[in-house]
Amino acid sequence: MRFTPFLSLLVAIVCATAIGSAQTKTLTLDQARQIALERNVNIAQAQNNVEAAQAGVLAATGSYLPTLSASGGWNWNQNEGPINLGGGVVIPNSRNVRRYFNTGLNLNYTIFDGFSREGGYTRASANAISSEQTSTRTRQSIIFQVESSYLNVLRNEQLVRVSEENLKRDRRQLERIQESNRVGALSKADVYRQQSQVAVDELNLINAQNNFNKSKADLIALIGLNVSDEYAIADPAISTEIAQSELDASIAQTKNFGELIRQAIEKRPDYLAAKEGVRSADGGVSSARSGYFPTVSTSAGYGLSNEEFSKLTENKGINWGINFRWNIFDGFGTNQVLQSAQVLKKNAELAVRSPV
């Protein structure tokens with residue numbers, strides 16, 4: 001028995017479909033949410049920003065602490081040439097070699113810097129809280145997108161089935177019209193009209209299938225999976241029909257618009273992040289204004305030095321002091337920095353009032 005080319009192609013398609021079906025993975029809504037939280041790039045970036053902001057808080061806290069540094073060195077100098085000892089005495093071709101060892105500790109502490117540290121700490125703390133709220137909002141947004149995309153896939157799948165049913169119905173209708181035309185009950189124009197409707201149904205089915213495939217690929221890409229893998233989007237926990245009681249409950253929740261606004265102001269992370277943005281900008285204004293104030297700092301040091309390393313402890317040096325510095329005029333540089341910081345604060349306040 002010989003296989004025709006068409007039959008061989010049909011067998012190949014059936015085998016490929018069977019293999020693909022064996023490798024198809026079912027993806028529920030809960031699984032889609034969890035995978036998105038683990039693999040979505042935007043969520044990972046938002047979490048990285050939180051860690052960076054927390055490091056900024058630690059650095060701002062450290063500005064209140066003294067700084068301690070250690071140093072050490074070794075120098076070797078050689079001078080060659082005649083040495084004039086005076087009185088006409090000259091030593092020709094003299095060589096002078098000098099080795100020098102030194103080490104020390106230095107301690108510095110800023111007593112007052114015009115409230116720049118306070119402004120910096122406020123800014124770092126606000127940025128940390130803002131980044132956490134932004135991260136929370138990012139997670140919420142991704143989850144919302146995943147749920148919307150998932151439901152959109154199910155919706156498009158139902159539309160594909162509706163298009164298939166419409167095509168089947170109109171094809172049956174076409175067969176009846178063709179049979180009626182053969183017996184003379186209907187005209188040829190009725191046949192052409194129904195054929196046109198069947199062609200429209202075929203096009204609608206193709207468009208519905210394309211929309212379904214695209215929405216499924218968008219969902220897979222959104223949650224961070226490989227779009228080349230085959231997934232079946234199905235969740236038995238999701239009802240395909242909406243009861244009237246569910247619609248009434250949704251309508252009841254949205255009746256009190258003022259209450260929804262109040263809840264959004266209290267709980268929406270993006271709004272809370274915007275408020276922290278104002279506090280951060282206010283800290284920037286305090287830091288910028290510090291240029292008008294003097295700076296007071298103190299320092300202390302302890303050092304050892306000698307030409308021989310074994311005698312390093314014979315020469316000791318101790319120093320300490322208080323330093324005062326006041327930049328009386330800086331060519332309006334501080335004014336420019338302060339004006340820029342105040343503009344940033346105004347923009348942050350506008351962001352809080354923004355409806356978007």
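Scope of the values below: all heavy atoms of this structure, side chains included, with no hydrogens, waters or symmetry mates.
Cluster annotation: L29 and L222 are assigned to the same hydrophobic cluster (Ile/Leu/Val/Met/Phe/Trp/Tyr, side-chain heavy-atom contacts under 4.5 Å, transitive). Clustering ILVMFWY residues whenever any of their side-chain heavy atoms sit less than 4.5 angstrom apart, transitively, puts L27 in the very cluster that holds I143. At a threshold of 4.5 Å between side-chain heavy atoms, the hydrophobic network of Ile, Leu, Val, Met, Phe, Trp and Tyr places F101 and W76 in one connected group.
Side-chain contact annotation: S287 with R123, donor-acceptor N/O pair under 3.5 Å present. A donor-acceptor contact under 3.5 angstrom links the side chains of Q140 and R137, judged on distance only.
Residue L68 belongs to a hydrophobic cluster whose other members are L107, with links defined by side-chain heavy atoms closer than 4.5 Å.
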Side-chain donor-acceptor pairs under 3.5 Å in residues 41-50, sequence neighbours left out?
unit_1	atom_1	unit_2	atom_2	d
N48	ND2	A44	O	3.3
N49	ND2	Q45	O	3.3

What side-chain donor-acceptor pairs closer than 3.5 Å can you find for residues 57-65, not counting sequence neighbours?
unit_1	atom_1	unit_2	atom_2	d
T61	OG1	V57	O	2.9
S63	OG	A60	O	2.5

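Among pairs with a residue in residues 184-231, none fulfils ring-ring contact (aromatic ring centres under 6.0 Å, His included), at least two apart in sequence or across chains.
Taking the side chain as every heavy atom from C-beta outward, Y271 and Q133 never approach each other to under 4.5 Å. Using a 4.5 Å heavy-atom cutoff, the side chains of E175 and E179 are not in contact.
Across I233, N156, V227, a single residue satisfies side chain to side chain contact (heavy atoms under 4.5 Å, CB included) together with K216, and that is I233.
Judged as a side chain to side chain contact (heavy atoms under 4.5 Å, CB included), and not counting sequence neighbours, the contacts of E308 are N306, S310, K311. Every residue meeting the salt bridge (Lys or Arg N to Asp or Glu O under 4.0 Å) condition with R268, not counting sequence neighbours, appears here in chain and number order: D270.
Salt-bridge check for E349 with K346: failed, with every basic side-chain N at 4.0 Å or more from each acidic carboxylate O. Between R279 and D282 there is no salt bridge, since no side-chain nitrogen of the basic residue lies less than 4.0 Å from a carboxylate oxygen of the acidic one.
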Exercise. Given the rule in the side-chain hydrogen bond (donor to acceptor under 3.5 Å, both in side chains) test, do N213 and Q209 qualify, once you have shown the distances and angles that lead to the verdict?
Worked result: CA-CA 6 Å; N213 293 334; Q209 186 65 49; 3.2 Å; yes

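Residue E118 comes nearest to F115 through the heavy atom pair OE1-CA, 3.0 Å, listed as atom of the first residue, atom of the second, then distance.
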